[in-house]
Undergrad: 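Have a look at the structure that comes next, please.
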Amino acid sequence: ENYATSEYIAEFWNSLTNLTMVTLAALGIYSVVKNGHGKRVLAMYVAQLVVGLGSATFHATLKYTTQMLDELPMLYLSSIGLYFVIELDRKVRYGFKMPLAIGAVQATVTLVYLLWVNDPVFHQVAFAVSVCAGVFFGYRRLHEMEISGSTRRLLFRLNLFGCLGMLAGFLVWNVDNIFCHQLRSYRAYVGAPLDAVLQLHGWWHILTAYGCSGLLLWGHMLRLARLRQDHLYALRTFLGVFPYIDIRQPKKID
């Protein structure tokens, strides 16, 4: 079905749905820059933006080089998230040792993937391990902290939202792979524009964009709680569907 919707874009819907990831990342960058939340938080959202742009570029062109822009940034985003939750404090505890160690592991994974294994399962496992490690260390840091009940509940919801989004996306992605031919025939039967609803790979992009954003917002708020600034910020939405963190508005007094 390549170039079926547009003569300029190979997989139109798979490219378009990456706007969800790009929008969420852009809001995160806006939040960090506006409120001065630091380079480490900014690096996470910039990496998320690269993932969204890389995936959109790959699905627009279907070239091997752009496929690497789709896959490899996912690994680097998860690594940045892992480093971030380990180094939540204002001052880093491990200096250059921790980023060098994580960077060396991901460089090794990248080389093995590109030169030897080149199997999508290897990439998926490496990504999942990195994400799970980030969640594990994040919870370890959370248990070290004394935070308010409202912030703890918000953190729980963000983490749950992120994990469920990632798992739902992974489930949809597998259904799309297993029933690819049947779904293609269904899309041909219903025709445009209803065929867009059956573009399950596009739904994988949307679900994982929200899952990824939920985990990044969890980490973002976790750091604010670590710095005892969580009471100053709240979760907001743009257009009612794109969440981000911003400063609380003062309550109006009549």
Side-chain angles (χ1 to χ4, degrees), residues 1-3 9-22 24-25 39-40 42-87 94 96-137 162 165-167 169-178 180 200-202 204-209 211-213 215-216 219:
E1 298 177 276
N2 297 340
Y3 299 100
I9 301 174
E11 296 179 344
F12 180 80
W13 295 111
N14 289 344
S15 297
L16 185 66
T17 48
N18 278 292
L19 286 177
T20 307
M21 181 80 82
V22 171
L24 290 166
K39 296 177 181 177
R40 277 172 274 169
L42 181 62
M44 290 197 304
Y45 290 117
V46 170
Q48 184 187 21
L49 179 64
V50 172
V51 169
L53 293 175
S55 182
T57 303
F58 165 61
H59 288 289
T61 61
L62 295 181
K63 297 182 182 296
Y64 176 75
T65 51
T66 54
Q67 181 182 350
M68 294 303 100
L69 288 176
D70 179 24
E71 295 178 350
L72 295 179
M74 293 171 60
L75 298 174
Y76 307 146
L77 169 58
S78 62
S79 296
I80 292 170
L82 173 60
Y83 171 72
F84 176 79
V85 295
I86 292 174
E87 293 284 18
Y94 300 104
F96 288 104
K97 295 179 182 178
M98 185 58 65
L100 285 175
I102 295 175
V105 170
Q106 284 300 350
T108 302
V109 170
T110 299
L111 290 174
V112 170
Y113 182 54
L114 292 178
L115 302 178
W116 289 286
V117 179
N118 201 17
D119 185 341
V121 175
F122 177 81
H123 172 269
Q124 295 159 22
V125 171
F127 176 69
V129 168
S130 195
V131 170
C132 290
V135 172
F136 171 76
F137 280 104
M166 298 296 284
L167 289 172
F170 182 68
L171 175 64
V172 168
W173 180 79
N174 277 282
V175 170
D176 184 51
N177 284 336
I178 295 169
C180 178
L200 294 194
H201 195 90
W204 143 259
H205 289 159
I206 294 171
L207 289 167
T208 52
C212 175
S213 189
L215 292 176
L216 294 189

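Because only heavy atoms are used, hydrogens play no part in the values below, and waters and symmetry mates are left out as well, while side chains stay in. None of these values were measured; they are calculated from a predicted model.
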Undergrad: Closest heavy-atom contact between A209 and L24?
TA: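 For A209 and L24, the tightest heavy-atom pair comes out as O-CD1, 3.5 Å.
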
Undergrad: Of all heavy-atom pairs between V85 and G134, which one has the smallest distance, and what is that distance?
TA: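 In terms of heavy atoms, the two residues are closest at CG2-O, 3.5 Å.
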
Undergrad: At what distance, to the nearest 0.5 angstrom, does CD of Q106 lie from CD1 of I80?
TA: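 The CD1 atom of I80 is 10.0 Å from CD of Q106, to the nearest 0.5 Å.
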
Undergrad: Run the side-chain contact (heavy atoms from CB on, under 4.5 Å) test on T17 and H59 for me, step by step, so that the C-alpha distance in whole Å, both residues' side-chain angles and the decisive distance to 0.1 Å come before the verdict.
TA: CA-CA 10 Å; T17 48; H59 288 289; over 6 Å; no

Undergrad: Could you check whether any side-chain heavy atom of D176 comes within less than 4.5 Å of a side-chain heavy atom of W204, counting everything from C-beta outward?
TA: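 When only atoms from C-beta onward are counted, W204 and D176 do not touch, as no gap falls below 4.5 Å.
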
Undergrad: Pick one: which of L215, L82, L75, L77 meets side chain to side chain contact (heavy atoms under 4.5 Å, CB included) with V131?
TA: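 One option only clears the test, and that one is L215.
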
Undergrad: Kindly give the heavy-atom pair with the smallest separation between I206 and T20, and that separation in Å.
TA: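 What the structure gives for the nearest pair is CG1-OG1, 3.7 Å.
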
Undergrad: Check whether N18 reaches the backbone of N14 with its side chain - one donor and one acceptor, N or O, closer than 3.5 Å.
TA: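 Checked: pair present.
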
Undergrad: Check the orientation of F122 and Y113. Use parallel for under 30°, tilted for 30 to 60°, and perpendicular for over 60°.
TA: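 Ring orientation of F122 relative to Y113: parallel.
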
Undergrad: Might you point out which heavy atoms bring S78 and S130 nearest each other, and give the distance in Å?
TA: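 Here S78 and S130 meet closest at OG-OG, 3.0 Å.
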
Undergrad: Roughly how far, to the nearest 0.5 Å, is OH of Y3 from CD of E11?
TA: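 Those atoms lie 9.5 Å apart.
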
Undergrad: How are the rings of W173 and F170 set to each other: parallel, tilted or perpendicular (split at 30° and 60°)?
TA: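 Geometry flag for F170 against W173: parallel rings.
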
Undergrad: Kindly compute the distance separating NE2 (H205) from SG (C212), expressed to the nearest 0.5 Å.
TA: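 It comes to 12.5 Å.
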
Undergrad: Could you measure the distance from the CE atom of M21 to the CD atom of Q48? Nearest 0.5 Å is fine.
TA: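 Taking CE in M21 and CD in Q48, the distance rounds to 5.5 Å.
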
Undergrad: In Å, rounded to the nearest 0.5 Å, how long is the span from CD1 of I9 to CG of L62?
TA: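 Output value for this atom pair is 11.5 Å.
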
Undergrad: First locate atom OG1 of T110, then atom NE2 of H123, and finally report the distance between them rounded to the nearest 0.5 Å.
TA: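 Here the interatomic distance stands at 8.5 Å.
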
Undergrad: Between M166 and F127, is the side-chain contact (heavy atoms from CB on, under 4.5 Å) condition met? List the steps.
TA: CA-CA 11 Å; M166 298 296 284; F127 176 69; 3.6 Å; yes

Undergrad: So E71 and F58, do their side chains get closer than 4.5 Å, heavy atoms only?
TA: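 No, their side chains stay 4.5 Å or more apart.
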
Undergrad: Which atoms form the tightest heavy-atom contact between Y45 and A25, and what is the distance?
TA: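 For Y45 versus A25, the nearest heavy atoms are O-CB, 3.6 Å.
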
Undergrad: What's the shortest heavy-atom distance between N118 and Y64, and which atoms?
TA: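 Smallest interatomic distance, heavy atoms only, reads OD1-OH, 4.5 Å.
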
